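What follows is a short report on a single structure.
Just so we're on the same page: letters track the sequence lines, and every chain starts at 1. These numbers come from a predicted model, not from an experiment.
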Amino acid sequence: MTKTYYVTTPIYYVNDRPHLGHAYTTVACDVLARFKRLDGYRVHFLTGTDEHGQKVEKAAAAAGIDPQAFTDMVSQNFRDMCRAMDISNDDFIRTTEPRHIRACQAIWQALERNGDIYLGKYAGWYAVRDEAFYGEDELTIGPDGKRRAPSGAEVEWVEEPSYFFRLSAWQDRLLMFYDANPDFVAPASRRNEVVSFVRQGLTDLSISRTTFSWGIKVPNAPGHVMYVWLDALTNYITAIGYPDTENEAFRTFWPADLHMVGKDILRFHAVYWPAFLMAAGLPPPRRVFAHGWWTVEGQKMSKSLGNVVSPYDIVAKYGLDPVRYFLLREVPFGQDGDFSQRAMVNRLNGDLANDFGNLAQRVLSFIQRNAGAQVPEPGPFQAADERLLGEARGLLPVLRRELDEQAFHKALDAIWQVVGAANRYVDEQAPWTLRKTDPERMNTVLYVLAEVLRHLGILCQPFMPGTMGRLLDQLAVPAQERHFAALETNMLKPGTKLPPPVGIFPRYVEEGAAKGGGG
RNA sequence: GGCGGCGUAGCUCAGUGGUAGAGCAGGGGAAUCAUAAUCCCUUGGUCGGGGGUUCAAAUCCCUCCGCCGCUACCA
């Protein structure tokens, strides 16, 4: 039976332009999806856009177009971002699609059948911007006389009939679920927050609105549209065919292996969503990981500061794969991090250009000039050769373990241990000396190094698919031998012609800095 | 206010009872295959302060200071 893996990003709210944070979440999921595919899993990788709600309705009105045309336009921005970041998603869902409307209405009816929905009345302060209600006591009154939520969003008094979800009834079952599934929420500190939140007691959740219309209609309840979070969360099952739970995709991929989310939307995913699912008779996802935020040069990213980082800008400046690498290497995944020019350039020039890029270049160009531009014929391996090959071959199980915990930084660190070992091996073996004293030994050393590069190239593909593709081209590794199973079974064949090497990670030279070179 | 976390080398962090660690940055050297990259050596810390337990504490306990997250409440 084929192993399967279902991973999702949040669906991104279309009232926002793609920024570094969106790229981060999406790249992280992309690495996992690519890794699992190369490891022989059948993968479903979902991303998409969240397109309903009062905020979108108002933004569209402000733009003078209808909401559907507005979301068509803005949703495309996120598709474009995926393309720009080399994202390998299998599907891109939009909450305005018919399949999703059908799924939402179905889950609503399932909740209703289970007795978890009742009609009540909601009165309270509502912030359109946050899509959330606030208590009177949470508000502050500004000098302009307007009430604002703690987030700074303006609130308005809303009094309307509303359907409620009996969330309070699910408290115990949620706690039992967390208890039985200690890895459901990660990192562990977030899990504690979730558990203590639920332990404090849950109140029923208002899940319909009557004050605007840009949403999914509640079945048999004219005037009511669904609460955006019930709508949005359901996307994860829409995409695999809900409400047809007997279909192949659904049976294969549900429950999802991982919902990747930002820490701001953890509660929706770790509390409301499992409750909705259990109430609808479906198992909750296996895991929700809440990652951290990026600051920029030490400051919070914000529109008012005007320092919101566009993925396009940094990719244009540093290159796509260096950016992908940086995002996952610089910060222990789960923590907040800082995106700075200095840190980015350090990683690019230090880890990528000097350590890895130069390793590839020194080995490949040596082979090109001194080994007939082909994979050398190795002699017997010595202890040092076996040691280095052993380190490279030992990476896969480590990466599997780290990536199953979303510890991207540790996975990359492990890979770079081998890069360092390979650079040391080059110096110790000194093939430039062997060339004169022992050409056969030189060939063995070069073979070992090429083979280590093959491992590194294959294993780094999830992180830097484009660049590693070029490295593997330079090693003449056939396209169909780039999956993980080929690591063991398809060693480089001596005599294979190798193309002239081209640097894979050029150093980043500061704009306006002296290019060097002297005369 | 409650719960939780953090405070270790200039920077980012690892290290949960047994002689203080890594990467980067800084200093010195080697080598010359390579993207002036690499390799070796090295400077640097009273592990936030204080007290306690222990033969032994960054690691356990108490307390104080500072920072952060979740959450509650008062006004």
Side-chain angles (χ1 to χ4, degrees), chain A residues 134-141 150 185 187-203 262-267 270-271 290-293 295 298 300 319 322 326 329-340 342-371 376 407 409-410 412-417 419-436 442 445-446 449-450 453 467 471 474 500-509 513-518:
Chain A
Y134 291 95
E136 176 77 47
D137 48 356
E138 291 180 276
L139 307 177
T140 52
I141 300 176
V185 180
S189 54
R190 298 292 169 197
R191 175 196 147 78
N192 292 340
E193 290 176 4
V194 168
V195 170
S196 57
F197 173 74
V198 173
R199 217 171 252 151
Q200 280 186 189
L202 297 170
T203 52
K263 60 185 184 182
D264 55 323
I265 55 174
L266 177 59
R267 183 190 300 177
V271 181
H291 68 241
W293 289 133
T295 53
K300 192 175 172 179
F326 178 87
R329 177 66 187 86
E330 179 67 6
V331 176
F333 198 70
Q335 296 186 18
D336 290 349
D338 183 54
F339 189 97
S340 71
R342 181 169 157 271
M344 177 71 225
V345 172
N346 272 350
R347 290 290 176 192
L348 173 46
N349 286 350
D351 297 1
L352 296 177
N354 296 353
D355 292 346
F356 194 167
N358 184 55
L359 172 68
Q361 188 68 11
R362 68 198 301 208
V363 169
L364 291 171
S365 74
F366 203 93
I367 289 174
Q368 193 69 204
R369 288 176 201 167
N370 302 299
H409 60 296
K410 289 187 187 173
L412 287 168
D413 184 69
I415 291 171
W416 255 254
Q417 296 298 326
V419 170
N423 270 319
R424 283 190 290 279
Y425 174 89
V426 177
D427 279 44
E428 285 158 10
Q429 300 299 322
W432 46 92
T433 305
L434 293 171
R435 178 167 57 118
K436 298 169 216 155
M442 175 194 78
V445 166
L446 293 175
L449 284 164
L453 284 175
T467 308
L471 174 61
Q474 295 183 34
V502 181
I504 52 172
F505 293 117
R507 287 178 65 79
Y508 176 81
V509 181
K515 289 272 160 74

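- Residue A/V363 is the one, among A/V363 and A/N349, whose nearest nucleotide of RNA chain B lies closer to the 5' end (criterion: closest heavy atom).
- Contacts of A/R424 with the nucleic acid, taken as non-hydrogen atoms under 4.0 Å apart, involve only primed sugar atoms and P, OP1 or OP2.
- A donor-acceptor pair under 3.5 Å is formed between the side chain of A/Q474 and the backbone N or O of A/V502.
- You cannot call A/F366 stacked on the base of B/C33; the centres under 5.5 Å and planes under 30° rule is not satisfied.
- Judged by distance alone, with hydrogens and angles left aside, the side-chain atoms of A/T295 form no donor-acceptor pair with the main-chain N or O of A/F339 at under 3.5 Å.
- For A/N354 against B/A37, no side-chain N or O and base N or O form a donor-acceptor pair under 3.5 Å.
- One N or O on the side chain of A/N354 and one on the backbone of A/N349 form a donor-acceptor pair closer than 3.5 Å.
- For the P atoms, the distance linking B/G21 with B/U16 amounts to 15 Å, nearest Å.
- Using a 4.0 Å heavy-atom distance criterion, A/Q200 is classed as a sugar-phosphate-only contact.
- RNA chain B is contacted by A/R190, A/E193, A/F197 of residues 187-197 of chain A, taking any non-hydrogen atom closer than 4.0 Å.
- At least one donor-acceptor pair closer than 3.5 Å links the side chain of A/N423 to the backbone N or O of A/D355.
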> Can A/D336 and A/K300 be said to form a salt bridge (Lys or Arg N to Asp or Glu O under 4.0 Å), step by step?
Replying inline: CA-CA 11 Å; A/D336 290 349; A/K300 192 175 172 179; over 6 Å; no
